[in-house]
Amino acid sequence: YLQQACPQVKNILVLDSEGKRVAVKYYSDEDWPTNGAKEAFEKTVFTKTHKTNARTEAEVTMIDSYVIVYKFVEDLHFFVTGGEDQNELILASVLQGFFDAVGILLRGNVEKSEVLENLDLILLCLDETIDGGVPLQTDAAVLANKVASHNIDSGAPLSEQTLAQALVTAREHLTRSLLK
């Protein structure tokens, strides 16, 4: 029952301008049980959407029995897939939150080479956005902050940390001292 009540995301795809994988995460093995099935789906999605102009606003399409919300920037194509019964506004908010968080994390330089260089941040951002297909967070600033706080070198001197990083470090130290 809970599965039906919660919105479900089937996958998030980040493909390059030729339809090749940059970062992908599937949350449903029953829809695409093999890597070949996943790649075939990605090719279909790319082929059916790459000629559209989804640069200013997200677009929505149906492919097979999936609702797909997508948006392009530079040489990257971002897709969020849900089942045919999913609300496209929820899928769009997941896409926009992830898309904007990536923009914040990459300081506005959202292109393939930058994403590949920071793939750990992008994958962490995916994990903070969706857990097992259930959207957790769609606020880009919160997502970017969570990802950035995971990435902080807590061993760096406090004088070299930003205020947010220092607060996270202080919280970690406090938590560790309380748990002793």
Side-chain angles (χ1 to χ4, degrees), residues 1-106 108 110-112 114-115 119 121-147:
Y1 170 74
L2 189 61
Q3 288 296 92
Q4 294 169 339
C6 289
Q8 289 286 305
V9 171
K10 301 278 187 179
N11 64 44
I12 294 184
L13 312 172
V14 181
L15 306 177
D16 69 12
S17 56
E18 295 166 5
K20 305 266 188 284
R21 280 182 178 184
V22 177
V24 300
K25 185 92 175 201
Y26 283 82
Y27 304 101
S28 169
D29 282 338
E30 52 198 58
D31 292 278
W32 305 278
T34 65
N35 201 41
K38 292 172 182 168
E39 288 174 352
F41 177 74
E42 292 161 24
K43 185 175 173 55
T44 301
V45 167
F46 180 78
T47 303
K48 293 193 176 191
T49 61
H50 80 281
K51 287 193 168 102
T52 61
N53 188 19
R55 294 202 178 271
T56 50
E57 289 186 31
E59 301 276 332
V60 179
T61 189
M62 284 284 290
I63 296 177
D64 300 326
S65 58
Y66 302 104
V67 175
I68 300 166
V69 183
Y70 59 98
K71 189 170 185 170
F72 308 152
V73 63
E74 300 298 332
D75 55 354
L76 293 172
H77 298 212
F78 290 75
F79 302 90
V80 173
T81 306
E84 62 189 338
D85 56 343
Q86 290 302 309
N87 181 328
E88 63 250 14
L89 293 176
I90 291 173
L91 297 175
S93 71
V94 168
L95 173 71
Q96 197 63 50
F98 174 67
F99 182 89
D100 290 345
V102 167
I104 292 168
L105 290 165
L106 300 179
V110 183
E111 52 190 41
K112 182 181 175 181
E114 201 65 26
V115 167
L119 198 55
L121 293 179
I122 305 309
L123 295 175
L124 195 53
C125 191
L126 280 173
D127 291 343
E128 291 290 349
T129 307
I130 306 285
D131 183 25
V134 178
L136 295 177
Q137 182 60 259
T138 59
D139 184 313
V142 172
L143 282 168
N145 221 352
K146 280 184 171 184
V147 170

A.B. asks: Please collect all side-chain hydrogen bond (donor to acceptor under 3.5 Å, both in side chains) contacts where either partner lies in residues 53-66, sequence neighbours excluded, each pair once.
C.D. replies: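 Listed by first then second residue: D31-Y66.
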
A.B. asks: Quick one: does L143's side chain get under 4.5 Å of L105's, heavy atoms only?
C.D. replies: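 They are not in side-chain contact.
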
A.B. asks: Quick one: pull up OG1 in T129 and CD1 in I12 and give me the separation to the nearest 0.5 Å.
C.D. replies: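 If I round to the nearest 0.5 Å, the distance is 5.5 Å.
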
A.B. asks: Okay, side chain of Q86, backbone of Q8: is any donor-acceptor separation there less than 3.5 Å?
C.D. replies: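 Yes; judged by distance alone, with no hydrogens or angles, the pair exists.
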
A.B. asks: Can you tell me how far apart CG (D139) and CG (N145) are? Round to the nearest 0.5 Å.
C.D. replies: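 Nearest 0.5 Å value for the CG-CG distance: 9.5 Å.
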
A.B. asks: Enter the distance from E114:CD to L121:CG here, rounded to the nearest 0.5 Å.
C.D. replies: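 So the CD of E114 and the CG of L121 are separated by 10.0 Å.
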
A.B. asks: Measure up the W32 and F41 rings against each other and bin them: parallel (under 30°), tilted (30 to 60°), perpendicular (over 60°).
C.D. replies: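 Judged by the thresholds at 30° and 60°, the geometry between W32 and F41 is tilted.
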
A.B. asks: CD of E39 to OG1 of T44: how many Å apart, nearest 0.5 Å?
C.D. replies: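 Atom-to-atom, E39:CD and T44:OG1 are 12.0 Å apart.
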
A.B. asks: What I'd like to find out is whether the side chain of E111 reaches to under 4.5 Å of the side chain of D75, using heavy atoms alone.
C.D. replies: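 Sidechains of D75 and E111: in contact.
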
A.B. asks: Could you tell me which non-hydrogen atom of K146 sits nearest to which non-hydrogen atom of E128, and how far apart they are?
C.D. replies: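 Reported closest heavy-atom pair: CD-OE1, 3.3 Å.
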
A.B. asks: Name every donor-acceptor pair, under 3.5 Å, that has one atom in a side chain of residues 15-26 and the other anywhere in the protein, sequence neighbours excluded.
C.D. replies:
unit_1	atom_1	unit_2	atom_2	d
D16	OD1	E18	N	2.9
D16	OD1	G19	N	3.0
D16	OD1	K20	N	2.8
D16	OD2	K112	NZ	2.8
R21	NE	E42	OE1	2.9
R21	NE	E42	OE2	3.0
R21	NH1	N35	OD1	3.4
R21	NH2	N35	OD1	3.2
R21	NH2	E42	OE2	3.0
K25	NZ	D127	OD1	2.9
Y26	OH	K38	O	3.2
Y26	OH	E42	OE2	2.8

A.B. asks: Using modelled atom types and a 3.5 Å cut-off, is there a donor and acceptor pairing between side-chain atoms of E74 and backbone atoms of L76?
C.D. replies: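 Not confirmed, E74 side chain does not pair with L76 backbone.
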
A.B. asks: Should I68 and M62 count as side-chain neighbours, where that means a heavy-atom distance under 4.5 Å?
C.D. replies: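 In short, these two side chains do not touch, never coming nearer than 4.5 Å.
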
A.B. asks: Mind checking the CG-CZ spacing from L13 to F78? Nearest 0.5 Å is all I need.
C.D. replies: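 L13 atom CG to F78 atom CZ measures 11.0 Å (nearest 0.5 Å).
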
A.B. asks: T52 and F72: which non-hydrogen atoms are nearest, and at how many Å?
C.D. replies: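 Of all heavy-atom pairs spanning T52 and F72, the closest is O-CE1, 3.5 Å.
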
A.B. asks: May I ask you to test the T81-I63 pair for a side-chain heavy-atom distance under 4.5 Å?
C.D. replies: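 In short, these two side chains do not touch, never coming nearer than 4.5 Å.
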
A.B. asks: Restricting to pairs with a member in residues 42-63, which pass ring-ring contact (aromatic ring centres under 6.0 Å, His included), not counting sequence neighbours?
C.D. replies: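 The answer is F46-H50, F46-H77.
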
A.B. asks: Over all heavy atoms of both residues, which pair between L95 and A58 is shortest? Give the atoms and the distance, please.
C.D. replies: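 That would be CD2-CB, 3.8 Å.
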
A.B. asks: Which pair of non-hydrogen atoms, one from P135 and one from V9, has the smallest distance, and what is that distance?
C.D. replies: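 For P135 versus V9, the nearest heavy atoms are CG-CG2, 4.0 Å.
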
A.B. asks: Within a strict 4.5 Å, meaning less than it, do heavy atoms of the F79 and T49 side chains meet?
C.D. replies: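 Touching, per the 4.5 Å side-chain cut-off.
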
A.B. asks: For residues F98 and V80, determine if any side-chain heavy atom of one lies less than 4.5 Å from a side-chain heavy atom of the other.
C.D. replies: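 No, every pair of side-chain atoms sits at 4.5 Å or beyond.
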
A.B. asks: Taking all non-hydrogen atoms of both residues, which atom of P7 and which atom of I90 are closest, and how far apart?
C.D. replies: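 Smallest heavy-atom distance, with atoms named: CB-CG2, 3.7 Å.
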
A.B. asks: For C125 versus A101, what's the shortest heavy-atom pair and its separation?
C.D. replies: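 Where C125 meets A101 most closely, the heavy atoms are SG-CB, 3.7 Å.
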
